[in-house]
Structure formats: structure tokens, C-alpha cells
Protein chains: 2
Amino acid sequence: MKTTRNTAAKTAVLEVFEKSKTALSHTEIHKQLNDLCDRVTIYRILDRLINEDIIHKISNLDGTVKYAKCNHSHQRVHIHNHAHFSCENCHEITCLESVKPSYIMPHNYKVNEINFTLSGLCPKCLNSNI
Amino acid sequence: MKTTRNTAAKTAVLEVFEKSKTALSHTEIHKQLNDLCDRVTIYRILDRLINEDIIHKISNLDGTVKYAKCNHSHQRVHIHNHAHFSCENCHEITCLESVKPSYIMPHNYKVNEINFTLSGLCPKCLNSNI
DNA sequence: TATCAATTGCAACATTGTTGCGTTTAATTT
DNA sequence: AAATTAAACGCAACAATGTTGCAATTGATA
């Protein structure tokens, strides 16, 4: 079995996630780390963190990809079936842990995973009367 | 006002969509057209078709982007808030026009658009006992 | 402290999408 | 039917994002 190590770069990436309330793109993480490590290293760290179920990947409507810390607090088994909100004004992505869509599927489909992304205006931008 | 023209390339792209029951990527379209036109031209045709509300763009969980013909049959006003199904085995994307999720949002969010993608096994692959 | 596989940096490459610009062409007018 | 003209095109170049191979480095363990 492969063991995983705590390196300076991995710790730094995790700290960036801790400090951020919203999901982050690879580029945003790279900028915040300020050349502490190579671009490629960040991709590999993100891959590892996903495998370790510490972060999850979010693909947005506009094709951009972001990553966010997982919230394990309320579940024994970790499921990523929560919703994400993408603000059209400030482009921040937030996890809506409490929003779970209900839906009825046609027969003969086996659903393993769902992705539910809503876009519009977040509370911050809505209050600014944009 | 900008007028739009019916060119050979645009007609060919539309025929590819007509023939396909599933959503298509730029690359898949390019291959089917067999060098009838340039790669860039296809991007520009897709942009136009989206503006004309003839096709819509689908961003998948894995970060890939596909396009599919819009189904206007049941609606006066065209809304893209239907679900998409992404098969983990054959990687086909199909529109689930009848699936509309219901959900409850926290206050102070203004939702303009939703994207609901389910992944798992499609009927074809489910029956093949994968 | 020595060991060794996990991790890293670097270079190179692949894919996807965009932009500028000169040329071609569809649709309209003459 | 020919002239007009803006839309559409091809080509080249570029940008962003992500991947791979390999030699060098380093964290965890003995």
C-alpha cells in the first residue's frame, strides 16, 4: 500500500484551503503560494488530496475547475452530493452543504453521483445592488 | 443588427447534431466533419448556434465540454434548466428533458440558472451488465 | 544515521480555446 | 446578372490548463 507524506508544499496548500471560505482554482492556489513550489507539484498535491477525501473538485458551468475542502462533520460516509453556488458577479464558488435536490429519474438508469450547480448572485453581491 | 448566414460548414455541423442522439464535443464534431472546415470555424459556429438558441453547452463533472441540440417542443420560453446524464462506462451525455430537480435555497441568494448533472450507468450499459 | 519510496522540479508535450488579419462568400441591391 | 458588403472563413500565432518522464531531493521508518 502506498503511504502518503506530509511535505512542506502539501501543508502550505492545506493552509490556503483553511484560510479560504470559497472554492479555489489551481491558478489561485499557485498565486497564493507565491512560487513556494512548482505548478506541476500543485496538480499532484490536489490529486492526492482528492484521493484522501480531503478536498473535492468542482467543474463549473463556464468550464473552470475549482477545489474545496470537504465537510465531513455530518456524515459517516462521505458523499459529495451537495450543491455549489457560483456567483455571476464576483465569481466565487461556495458549497451549499444544506441544499440537496430531489428528483425523479426515468427507469433503467443507475445514478452513482450527482452534480448540482446553481448560478446567480450571492448574498454579498445581491446586497450591493448589482 | 447582425444578420446570420447559412454556410456550408454551419449546415454540416447542424446535420451532425441531427444525426446524434447524444451530446457532442468539439473534437467529436471536428472528426465527423472530416476536415470540411477549420477547427476555429467549428468553435465560431458553435458560438453562433448557442446565441441562436439552437444548441446548448454542457460542462461535465470531468471538465469536458459538450454541445447538444435544444428541445423547444414543450416550452414557449426556452429554459436550459433540465438535467444531463453522463455515463461512466460509454461516456455518452444525454439530455434528461423530463428531469427537473426541486430544491430549497438559503435566503439572500438569487438563482438565475441551474446545472444538474447525474453520472452513473445509462440503460444501454446497465443492461450489458458492466 | 542509513535506507528507500514518495515527492519534487524541470522540460517537454497535449489539448482546448482565443485572437488578429487578410481572403472568401452568402445575401442583398442595383 | 453583376456589384456590393458585411458575415464567415482559413491560417498562424498565442494562451491557459493539464499531463508525463526522469533525475534529484526529502520524509518517514528502521
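Throughout, protein chains are lettered first and strands after them, A, B, ... in sequence-line order, and every chain is numbered starting at 1. Since the model is a prediction, treat every value here as computed from it, not as a measurement.
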For the student: nearest non-hydrogen atoms of L121(B) and C87(B), plus distance = CA-SG, 4.1 Å
Heavy atoms under 4.0 Å, any strand shown: does V65(B) hit a base, just sugar-phosphate, or nothing?
-> sugar-phosphate
Give the rounded distance in Å between these two atoms: NZ of K10(A) and P of dG27(D).
-> 13 Å
When you check the phosphate oxygens OP1 and OP2 of dT17(D), does a side-chain N or O of T27(A) lie under 4.0 Å from one of them?
-> yes
Does R44(A) get its side chain close enough to the base of dG18(D), under 3.5 Å, for a donor-acceptor pair?
-> no
State yes or no: are the ring centers of H26(B) and Y43(B) separated by less than 6.0 Å?
-> yes
Between CD1 of I45(B) and P of dA7(D) the distance, given in whole Å, is 16 Å
Electrostatic pair E92(B):K66(B) at N-O distance under 4.0 angstrom = no
Between T7(A) and R39(A), whichever has its closest DNA chain C nucleotide further toward 5' is T7(A)
Do the side chain of R5(A) and the base of dA5(C) come within less than 3.5 angstrom through a donor-acceptor pair of N or O atoms?
-> yes
Separation of D38(B) atom CG from dT23(C) atom C1', in whole Å?
-> 14 Å
How long is the line joining NZ of K57(A) and C1' of dG18(D), in whole Å?
-> 9 Å
Evaluate the criterion side chain to side chain donor-acceptor pair (under 3.5 Å) for residue pair S102(B) and S102(A); output intermediate values, then yes/no.
-> CA-CA 5 Å; S102(B) 59; S102(A) 60; 2.6 Å; yes
Which is true for I42(B) with a 4.0 Å heavy-atom rule: it touches a base, it touches only sugar-phosphate, or it touches nothing?
-> nothing
Round to the nearest Å and state the distance from D47(A) atom CG to dT7(C) atom C1'.
-> 13 Å
Which atoms form the tightest heavy-atom contact between F17(A) and Y67(A), and what is the distance?
-> CE2-O, 3.3 Å
Note: for A8(A) and T4(B) on DNA chain D, the residue whose nearest nucleotide lies more 5' is T4(B)
Could you give the NE2-to-P distance, from H30(A) to dA15(D), as a whole number of Å?
-> 17 Å
Of the nucleotides dA8(D), dG18(D), dT19(C), which one has an atom closest to the side chain of R48(B)?
-> dA8(D)
Here the distance between atom P of dT28(C) and atom CG of N6(B), to the nearest Å, is 10 Å
Rounded distance (Å) that lies between atom P of dC11(D) and atom OH of Y43(B) | 17 Å
